[in-house]
Amino acid sequence: QVQLVESGGGSVQAGGSLRLSCAASGVTYSNYYMGWFRQAPGKEREGVATVYTFSSSTFYADSVKGRFTISRDNAQNTLYLQMNSLKPEDTAMYYCATSRSTGYSSRPLAMFIYDYWGRGTQVTVSS
């Protein structure tokens, strides 16, 4: 069974930085999507940044391009999200997620691709 545990959330002033981590266990396949989603109160969950492990291709929401960077460690058992130049509109619960083994998707930021989810870590950006 796949298990995902997020950490690194907290409170920061606008313009600051945070680094989120996701520790993954139980992943026995090689070709899958993994990434970060976020959900603010009263809004739908949205894809923030994802990566396809087969090609190492990365994908970002337009709202975070140039500010956020998704990466994995050498063993590929930990996923990171480096968040710079944070804005109040980045405030949300951030979730780590992985798909099952799958081929290429034309919608790598779509929620329906992902089957396993962490419990989330809160990010709050104040002005």
Side-chain angles (χ1 to χ4, degrees):
Q1 182 178 356
V2 175
Q3 293 185 338
L4 306 170
V5 181
E6 304 96 334
S7 62
S11 298
V12 65
Q13 294 189 70
S17 298
L18 285 173
R19 183 178 175 87
L20 305 184
S21 298
C22 173
S25 62
V27 181
T28 60
Y29 38 83
S30 298
N31 305 332
Y32 61 98
Y33 287 85
M34 60 190 313
W36 296 92
F37 291 73
R38 67 185 182 187
Q39 186 169 22
K43 295 186 177 295
E44 295 185 352
R45 190 171 300 184
E46 63 176 353
V48 176
T50 63
V51 60
Y52 187 41
T53 62
F54 177 76
S55 61
S56 296
S57 297
T58 57
F59 312 90
Y60 295 92
D62 289 341
S63 60
V64 306
K65 286 181 179 177
R67 299 188 298 121
F68 291 9
T69 303
I70 188 170
S71 62
R72 294 180 292 165
D73 70 359
N74 291 336
Q76 300 183 0
N77 61 346
T78 304
L79 184 71
Y80 301 99
L81 184 67
Q82 178 66 47
M83 304 185 294
N84 298 326
S85 301
L86 283 162
K87 304 175 180 179
E89 49 263 47
D90 295 318
T91 296
M93 184 72 75
Y94 283 71
Y95 299 91
C96 178
T98 68
S99 71
R100 299 174 183 174
S101 179
T102 186
Y104 175 80
S105 173
S106 62
R107 298 181 61 84
L109 293 169
M111 277 180 48
F112 68 80
I113 297 174
Y114 299 85
D115 301 282
Y116 305 102
W117 297 83
R119 301 182 70 171
T121 184
Q122 178 68 37
V123 172
T124 301
V125 184
S126 62
S127 59

Original post:
Would you find more than 12 non-hydrogen atoms of other residues, nucleotides or ligands less than 6.0 Å from Glu89 atom CD?
Top reply: yes

**OP:** Determine whether Leu109 and Leu81 fall in the same hydrophobic cluster, where Ile, Leu, Val, Met, Phe, Trp and Tyr are linked whenever their side-chain heavy atoms lie under 4.5 Å apart.
**Re:** no

Original post:
So if you build clusters from Ile, Leu, Val, Met, Phe, Trp, Tyr with side-chain heavy-atom gaps below 4.5 Å, do Met34 and Leu20 land together?
Top reply: yes

**OP:** Check the hydrophobic clustering (I, L, V, M, F, W, Y; side-chain heavy atoms under 4.5 Å; chains of links allowed) and say if Tyr114 and Tyr104 are grouped together.
**Re:** yes

Subject >> Side-chain donor or acceptor of Tyr52 paired with backbone N/O of Phe59 under 3.5 Å >> reply: no

Subject >> Which atom of Gly47 lies closest to which atom of Ala61, heavy atoms considered >> reply: O-CB, 3.4 Å

**OP:** Using distance alone, with no hydrogens and no angle criterion, decide if Ser17 and Asn84 have a side-chain donor and acceptor under 3.5 Å apart.
**Re:** yes

**OP:** Output yes when a side-chain donor or acceptor of Thr78 lies under 3.5 Å from a complementary backbone atom of Asp73, and no otherwise.
**Re:** no

**OP:** Kindly indicate, with the supporting measurements, whether the criterion side chain to side chain contact (heavy atoms under 4.5 Å, CB included) is fulfilled by Leu79 and Val51.
**Re:** CA-CA 10 Å; Leu79 184 71; Val51 60; 4.3 Å; yes

Original post:
Roughly how far, to the nearest 0.5 Å, is the CG atom of Leu18 from the OG atom of Ser11?
Top reply: 8.5 Å

Original post:
Yes or no on side chain to side chain contact (heavy atoms under 4.5 Å, CB included) for Met111 and Tyr95, after CA distance, side-chain angles and deciding distance?
Top reply: CA-CA 11 Å; Met111 277 180 48; Tyr95 299 91; over 6 Å; no

Subject >> Exercise: identify the closest heavy-atom pair between Ala40 and Ala92 >> reply: N-CB, 3.9 Å

Original post:
Hey, which of Lys87, Gln82, Met83 is the one that makes side-chain contact (heavy atoms from CB on, under 4.5 Å) with Arg67?
Top reply: Lys87

Subject >> Side-chain (Thr53) to main-chain (Tyr32) donor-acceptor, under 3.5 angstrom >> reply: yes

Original post:
Should the pair Arg19 and Tyr80 be classed as cation-pi, given the thresholds of under 6.0 Å to the six-membered ring centre and 45° from the axis?
Top reply: yes

Original post:
How many angstroms lie between OG1 in Thr102 and CG in Asn31, if you round to the nearest 0.5 Å?
Top reply: 9.0 Å

Original post:
Should Val2 and Phe37 be regarded as members of a common hydrophobic cluster, given that ILVMFWY residues are connected when their side-chain heavy atoms come within less than 4.5 Å of each other, either directly or indirectly?
Top reply: no

**OP:** Measure the spacing between CG of Leu86 and OG of Ser126 and express it to the nearest 0.5 Å.
**Re:** 10.5 Å

**OP:** Say whether, by atom type as modelled, one donor and one acceptor occur between the side chain of Thr50 and the main chain of Gly35 under 3.5 angstrom.
**Re:** no

**OP:** Determine, using the 4.5 Å side-chain heavy-atom cutoff (strictly less than), whether Val48 and Trp117 are members of one ILVMFWY cluster.
**Re:** no

Original post:
Just wondering, more than 12 heavy atoms not from Tyr29 lying within 6.0 Å of its OH?
Top reply: yes

**OP:** Run through Thr91, Val123, Asp90 and flag the one making a side-chain contact (heavy atoms from CB on, under 4.5 Å) with Arg38.
**Re:** Asp90

**OP:** Start with the C-alpha gap between Tyr116 and Gln3, add the side-chain angles, then the distance that decides, and say whether side chain to side chain contact (heavy atoms under 4.5 Å, CB included) holds.
**Re:** CA-CA 7 Å; Tyr116 305 102; Gln3 293 185 338; over 6 Å; no

**OP:** Determine the interplanar angle of the Tyr94 and Phe68 rings, folded into 0 to 90°, and report it as parallel if under 30°, tilted if 30 to 60°, perpendicular if over 60°.
**Re:** tilted

**OP:** Without swapping roles, check the side chain of Glu6 against the backbone of Arg119 for a donor-acceptor pair under 3.5 Å.
**Re:** yes

Original post:
Hey, does the side chain of Ser99 reach the backbone of Ile113 with a donor-acceptor pair shorter than 3.5 angstrom?
Top reply: no

